[in-house]
Amino acid sequence: FVLPDFQEFTGELAAIFERCRANTEGRVANCIPQLARADPTRWGAAVCTVDGQRAGFGDHQVPFCLQSVSKPLNYALAMTEAGSDRVHQFVGYEPSGISFNSIALNSENKPHNPMINSGAIAVCSLLARGQRLADRFDYVLRQYLRMSAGERLGFSNSTFLSERESSDRNYAIGYYMRENGCFPPDTDLRETLDFYLQLCALEATCDSAAVIAATLANGGVCPLTGDPVLSAEAVRDTLSLMHSCGLYDYSGQFAFKCGLPAKSGVSGAILLVIPGLMGIALWSPPLDRQGNSCRGIQFCRELVARFSLHNFDST
Ligand code: GLN
């Protein structure tokens with residue numbers, strides 16, 4: 001696949017984008033009021049290629065919470081910082097086959113993978129370990145900003161506060177993990193859960209998230225700045241897990257139908273990576289039964305069909 005003409009390509013994307021806008025299926029997440037209030041008509045998309053060409057559609061400049069889209073980024077950071085052996089001492093790399101917020105561990109008593117809550121909480125216990133929580137937060141935000149070439153990121157304190165208030169399930173997961181020795185010694189569980197929820201409450205726009213996706217598509221080097229934020233190995237492993245585990249209980253079907261690494265979040269965000277080519281960010285709050293953005297999934301499927309982008313397409 002080569003992009004013969006970026007203008008022509010974005011013209012086709014615009015047509016797909018408009019077809020998806022007509023999709024009024026799905027329901028906005030209602031787990032917390034901040035998400036339940038989301039406007040179901042919101043629909044944005046942005047593209048950034050590995051050579052820095054950009055395009056944005058619809059609400060591409062409107063901020064949204066990353067939610068679970070933060071999971072692969074945190075994993076990639078931890079892998080870059082601490083290395084694979086250390087990280088995988090605490091988390092597996094196999095699809096779980098059960099819901100993202102299940103209270104369950106694999107046969108080695110580790111979370112199944114870093115794309116579900118338990119695994120993401122384990123990853124958060126490792127990130128910038130040994131520093132104060134405030135410094136760990138600043139550190140992660142700085143790394144995200146390096147991935148986005150300094151473009152628009154934010155933090156929704158109300159989302160963090162209201163999630164923390166209603167996060168019984170994540171607390172239950174955390175206690176169950178601690179009971180099973182899933183954390184490094186001397187892990188402060190409350191702090192780890194706060195950190196996890198704070199990173200879920202980070203905000204991006206489709207524009208800035210597309211640059212982050214393009215950094216993943218580009219082996220960890222931000223295409224706009226040339227900054228090597230993530231190690232190539234960390235990015236490879238992150239993309240592998242996005243491919244097998246990125247879309248909740250739709251992951252296997254998405255891998256089959258689209259054949260690309262992606263990660264979704266309960267805010268209706270999807271980060272889609274076309275390795276070596278481009279990053280795409282999609283955002284629309286109405287979710288399907290598996291918890292993925294209806295418009296976002298339609299966009300991915302139409303894109304792959306139109307441009308033969310499936311990993312195993314041979315033409
Ligand atoms: N903060 C949410 C949670 O922990 C993230 C879930 C998601 O986006 N799937 O439940």
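Counting convention: from 1, in listed order, for ligands and their atoms alike.
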So which bit of Asn101 gets within less than 4.0 Å of ligand 1, heavy atoms only: side chain, backbone, both or neither?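 For Asn101, there is no contact with ligand 1 at all, from either part.
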Under 4.0 Å, heavy atoms only, figure out whether ligand 1 is touched by the backbone of Glu163, its side chain, both or neither.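 The side chain, only.
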Please walk me through it: do Asn170 and Asn117 pass side chain to side chain donor-acceptor pair (under 3.5 Å)? CA-CA 7 Å; Asn170 287 319; Asn117 289 15; 2.9 Å; yes
Presence of salt bridge, Asp194 and Arg164, under 4.0 angstrom: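 Result for this pair is yes, salt bridge flagged.
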Where is the tightest heavy-atom contact between Ser125 and Thr187, given as atom of each residue plus distance?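 Reported closest heavy-atom pair: CB-CG2, 4.1 Å.
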Those atoms of ligand 1 less than 4.0 Å from some heavy atom in [X]:
X: Asn170; answer: 3 (C), 4 (O), 10 (O)
X: Ser68; answer: 5 (C), 6 (C), 7 (C), 8 (O), 9 (N)
X: Gly265; answer: 8 (O)
X: Cys200; answer: 1 (N)
X: Tyr248; answer: 7 (C), 8 (O), 9 (N)

Note the single closest protein heavy atom to atom 5 (C) of ligand 1, along with its residue, its atom name and the distance in Å. Gln67 OE1, 3.2 Å
Are Phe17 and Trp43 close enough that their ring centers fall under 6.0 Å?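 Yes, the ring of Phe17 comes within the 6.0 Å limit of the ring of Trp43, centre to centre.
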So, [X] and [Y]: side-chain donor and acceptor under 3.5 Å apart, yes or no?
X: Tyr196; Y: Glu163; value: no
X: Ser162; Y: Gln34; value: yes
X: Asp39; Y: Thr41; value: yes

Under 3.5 Å, N or O to N or O, is Phe100 touching ligand 1 that way?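 Among all N and O atoms of Phe100, none is under 3.5 Å from an N or O of ligand 1.
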Contact (N/O only, under 3.5 Å) between Tyr196 and ligand 1: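 Tyr196 vs ligand 1: N/O contact under 3.5 Å present.
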Separation between NZ of Lys257 and CG of Leu260, rounded to the nearest 0.5 Å: 14.5 Å
Nearest to atom 3 (C) of ligand 1 by heavy atom, Asn117, Leu199, Ile32: which? Asn117
